[in-house]
Engineer: 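My structure is below; once you've seen it, I'll send some questions.
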Amino acid sequence: MKIATFNINGVKARINALTDWLTESAPDVALLQEIKSVDENFPRDVFEDMGYNVETHGQKGFNGVAVLSKLPLEDVTRGLPGDDSDEQARWIEATVVGDQALRICGLYLPNGNPVELNDDGSPVAGGKYAYKLDWMDRLYDRAQDLMAQETPALMAGDYNIIPQREDAKRPDAWTKDALHRLPSRQAFRRIVNLGFTEGFRARQAGAGHYSFWDYQAGAWEKDDGIRIDHFLLTPQCADLMRDCWIESAVRGREKPSDHVPVWIDLAA
DNA sequence: ATGGCCGGTGGAACCGGA
């Protein structure tokens, strides 16, 4: 089973690029982020006509996540648990019903910029960086629950985290940024350290592997990228992993997203 | 070498992104 995560940066603007990609690359499951659409306006018929089951968790203007699956989806839940006042659409879960059940979580982790700090270095309450770290605390709690299930499960999406220096072309440019500053990396590592396998790094070492290139300043042409889209797998899911790769060529196509798809292939 | 964007909203600039 091939599963891809893809921040599409607007489903309406990306509809042709997206259907071309689905036709050519044919994921069994696609986790989409930044659909930038309310559920009612999501073009579900387009994907249903291609043989996908469609589940969305959208909002007006920005954010929004979705799952497309050729296999049946069950027990769909929307929103990351832990804060009923959080109205941003960044989390969706479902169980993919195949030879065995696989719990999949699609996520769009907050960017966190600008970083606003108090004099003691703590994040300013109510600011975007505080929201990012608070969201990651809730992600930790959900990750802990998933791990306790001892079943095949994964959390994948746009983490907005550059885990290590080798995951950026110019790491020094990111040291104070919300995507790479130490507390952000620590919060990510703390989740991984619950026992998750980071799919890509289980397959591929070394620098020069990116999943995002800014639209500005010719970043794609200069390969000035960062790796921020990740798969985290429970041990029972990691045991099934055959491969994990980044489909970077998609960034060079017509009217691309600024992110590209990241894939895993599972023996399931 | 150098400069440099894009999508959505709403109907012009501005927000949000990373």
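Proteins get letters first, then strands, A, B, ... in listed order; numbering begins at 1 in each.
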Engineer: C1' atom, B:dC6 versus B:dA18: distance in rounded Å?
Structural biologist: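 Roughly 12 Å separates the two C1' atoms.
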
Engineer: Taking atom C1' in both B:dA12 and B:dG8, compute the distance separating them and give it to the nearest angstrom.
Structural biologist: 14 Å

Engineer: Between A:K128 and A:G218, which is nearer to the 5' end of DNA chain B once each is assigned its nearest nucleotide?
Structural biologist: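 It is A:G218, whose closest nucleotide lies nearer the 5' terminus.
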
Engineer: Hey, are A:D137 and A:R190 close enough for a salt bridge, meaning a charged N less than 4.0 Å from a carboxylate O?
Structural biologist: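 Here A:D137 pairs with A:R190 in a salt bridge, since their nearest N and O are under 4.0 Å apart.
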
Engineer: When the P atoms of B:dG7 and B:dG3 are considered, how many whole Å apart are they?
Structural biologist: 24 Å

Engineer: Suppose we screen for ring-ring contact (aromatic ring centres under 6.0 Å, His included). Which residues come up paired with A:F196, at least two apart in sequence or across chains?
Structural biologist: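 ring-ring contact (aromatic ring centres under 6.0 Å, His included) list for A:F196, sorted by chain: empty.
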
Engineer: Which residue pairs pass the ring-ring contact (aromatic ring centres under 6.0 Å, His included) test with at least one member in residues 50-99 of chain A, sequence neighbours excluded?
Structural biologist: none

Engineer: What parts of residues 251-258 of chain A reach DNA chain B, counting only heavy atoms under 4.0 Å away?
Structural biologist: A:K255

Engineer: First and last nucleotide of DNA chain B touching chain A, 5' to 3', heavy-atom cut-off 4.0 Å?
Structural biologist: B:dG4 to B:dA18

Engineer: Counting any heavy atom closer than 4.0 Å, what does A:N41 reach on the DNA or RNA strands: base, sugar-phosphate only, or nothing?
Structural biologist: nothing

Engineer: Give, ordered by number, those residues of residues 156-184 of chain A having at least one heavy-atom distance below 4.0 Å to an atom of DNA chain B; if nothing qualifies, reply none.
Structural biologist: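 Within this stretch, A:D158, A:N160, A:L179 sit under 4.0 Å of the strand.
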
Engineer: Suppose we screen for side-chain contact (heavy atoms from CB on, under 4.5 Å). Which residues come up paired with A:Q149, at least two apart in sequence or across chains?
Structural biologist: A:T151

Engineer: Looking for any heavy atom pair under 4.0 Å, which part of the strands does A:N9 touch: base, sugar-phosphate only, or nothing?
Structural biologist: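 Sugar-phosphate, no base atom in range.
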
Engineer: Does A:D120 have any side-chain hydrogen bond (donor to acceptor under 3.5 Å, both in side chains) partners at least two apart in sequence or in another chain, and if so, which?
Structural biologist: A:S122

Engineer: Scan A:A217 against the nucleic acid and name what it touches under 4.0 Å (heavy atoms): base, sugar-phosphate only, or nothing.
Structural biologist: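 Answer is base: heavy atoms of A:A217 come under 4.0 Å of a base.
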
Engineer: Sorted by first residue and then second, give each ring-ring contact (aromatic ring centres under 6.0 Å, His included) pair with at least one member in residues 23-47 of chain A; sequence neighbours left out.
Structural biologist: A:F42-A:F47

Engineer: Map A:I226 and A:K222 onto DNA chain B by nearest heavy atom, then report which one ends up closer to the 5' terminus.
Structural biologist: A:K222

Engineer: Go through the structure and list residues passing side-chain contact (heavy atoms from CB on, under 4.5 Å) with A:R189, not counting sequence neighbours.
Structural biologist: A:P163, A:Q164, A:V192, A:N193

Engineer: Identify, with sequence neighbours excluded, every residue that meets ring-ring contact (aromatic ring centres under 6.0 Å, His included) alongside A:W174.
Structural biologist: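 None.
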
Engineer: Rounded to the nearest 0.5 Å, how far does CD1 of A:I15 lie from CG of A:D20?
Structural biologist: 10.0 Å

Engineer: When you compare B:dC15 with B:dG11, how far apart are their C1' atoms, in angstrom units rounded to a whole number?
Structural biologist: 16 Å

Engineer: Applying ring-ring contact (aromatic ring centres under 6.0 Å, His included), name anything that partners A:Y129, two or more places apart in sequence or on another chain.
Structural biologist: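 For A:Y129, no residue satisfies ring-ring contact (aromatic ring centres under 6.0 Å, His included) once neighbours in sequence are set aside.
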
Engineer: Check ring-ring contact (aromatic ring centres under 6.0 Å, His included) between A:H259 and all other residues, then give those that pass, not counting sequence neighbours.
Structural biologist: A:F212

